[in-house]
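Let me begin by presenting the structure, written as structure tokens, before commenting on it.
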Amino acid sequence: MGEIKTAGELNKKYLREGMWPTIFCNGCGNGVVLEYTFWALEELGLDMDKVAFASGIGCSSRLPGYINADGLHTTHGRAIAFATGLKAANPDLTVIIFTGDGDCAGIGGNHFIHAARRNIDMTVIMINNFIYGMTGGQLAPTTPIGGIATTAPYGNIEHPFDLCVVAKALGASYVARWTVSHPYQPIKSIKEGIQKKGFSYIEFLAPCPTAYGRRNKLGDIQRLWEWYDKNTILIEDYERIMKYGDEKEKERAKKMIQIGVFQDVEKPEFFTEYQKLVERLQGNTITKTSSVKSKKMVVKK
Amino acid sequence: MILINEDWCKGCQICITRCPVDALEESDKLNRRGVRPPKLKENNRCNFCRLCELLCPDLAITVIPDEETKEKPKKTLRPPIVSVRSIGRNIK
């Protein structure tokens, strides 16, 4: 099969068509993220036998079931923990994780923090719809202040969790956030994230018309998708406004959600460092009888 | 040409409202789910930008460009901007 140019050929290659159509509600953004991932994988030309997917529980975590590749559908919040094991067993695998905001920020928050801290080579695609969609619209850690959920019927008073800032502070190699309504930047971001040797975190702001949009009076599907266009601002634009803008513009920009690539750095990856450690210590075992002094010399090398 | 997998369509109409040249509309017949999938208008200015294909949440649309019948896609619909400096140069 030659180079894929149309979506029909792409679907035949990557989609488990027996599982289709999806269980997602009308107007949900999860399917769009799936398609962006397909295009990114296609443009990279990866062997799908060397790619493994992992996911937890939730709407977004059903995505590996639709992909014609090996996938791991794990317990709630533990997708990153399972993926770490996957990577430890076979470091040659490209591991991609689909997770939701409740899955990644709420229940699996600690796994996320420590995977980012260790800089394990994996790509986390987090689909943020501001709510626990599958279980009926409970309050998620990412729900904005004033947002209405079934467990917050009079408006949310908790401060939302900004996982991009957390990942950036923990020194993840690649951190980006996009909305689903802009196609080309996310595809490029997923590509860069997969290529990156280290922890890459890509967050998608995906509309949830059923559980979030309807309850928060954000209108029908079209108006909800427009809400995401109007209430997001590119990080470059935001910084420019903060530098040169007047008070009114600054006030407006502060209320918006920043999108863009937040961090793109090179950093030693956990399992390559681990391999180096193993090699160093195995080198030591040969000269087991040597003194402490010579061991220190080996360490210095 | 636009191929639509009609049974996959859930009728969100994102393709119709987001089309930059307004080339899609609802079709007359219902699909298996009881919604009206999109179709190309009779007189359309579709330039195969593939935005509907990329934005479809159910991966139901495939765009196949046919180059012979259509004009090439334009980058922008706005007229080119002539800078003030170049006008001044012409007057001199």
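Computed from heavy atoms alone, side chains included, the values below leave out hydrogens, waters and symmetry copies.
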Exercise for review: Specify the closest pair of heavy atoms between B:Ile61 and A:Ala7, including all atoms of both residues, with the distance to one decimal.
Suggested key: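 Reported closest heavy-atom pair: O-CB, 3.7 Å.
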**Study point:** Over all atoms of both residues, closest heavy-atom pair of A:Val32 and B:Leu55
**Key:**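 So the minimum-distance heavy-atom pair works out to CG2-O, 3.6 Å.
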Practice item. Measure distances from A:Phe24 to the heavy atoms of chain B and classify the residue's part below 4.5 Å as side chain, backbone, both or neither. Key: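 For A:Phe24, heavy atoms of backbone and side chain both lie under 4.5 Å from chain B.
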Practice item. Measure distances from A:Val180 to the heavy atoms of chain B and classify the residue's part below 4.5 Å as side chain, backbone, both or neither. Key: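 Backbone only.
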At what distance, to the nearest 0.5 angstrom, does [atom1] of [X] lie from [atom2] of [Y]?
X        : Y        : atom1 : atom2 : value
A:Asp220 : B:Cys12  : CG    : SG    : 11.0 Å
B:Arg18  : A:Asp229 : CZ    : CG    : 4.5 Å
B:Thr17  : A:Glu226 : OG1   : CD    : 7.5 Å
A:Asn11  : B:Asn5   : CG    : CG    : 8.5 Å
A:Tyr184 : B:Leu51  : OH    : CG    : 6.0 Å
B:Leu59  : A:Leu10  : CG    : CG    : 7.5 Å

Check your understanding: So which of B:Gly11, B:Cys56, B:Pro57 has the largest heavy-atom pair count under 4.5 angstrom toward chain A?
Key ->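 Top count of heavy-atom pairs under 4.5 Å with chain A: B:Pro57.
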**Study point:** Winner by heavy-atom pair count (cut-off under 4.5 Å) against chain A, out of B:Asp7, B:Asp58, B:Ile14
**Key:**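 The answer is B:Ile14.
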Review point. What do you reckon, is NZ of A:Lys188 surrounded by more than 12 foreign heavy atoms closer than 6.0 Å?
Key: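 It does not: A:Lys188 NZ has 12 such atoms or fewer within range.
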Check your understanding: CZ of A:Arg16: more than 12 outside heavy atoms within 6.0 angstrom?
Key ->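 Yes, enclosed.
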**Study point:** Whether B:Gln13 side chain and A:Ile221 backbone form a donor-acceptor pair below 3.5 Å
**Key:**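 Absent.
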**Study point:** side chain to side chain contact (heavy atoms under 4.5 Å, CB included) evaluation trace for A:Thr22 with B:Trp8
**Key:** CA-CA 8 Å; A:Thr22 57; B:Trp8 288 7; over 6 Å; no
Point to revise | Side chain to side chain, B:Arg50 and A:Pro183, heavy atoms closer than 4.5 Å | key: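 B:Arg50 does not reach A:Pro183 side chain to side chain.
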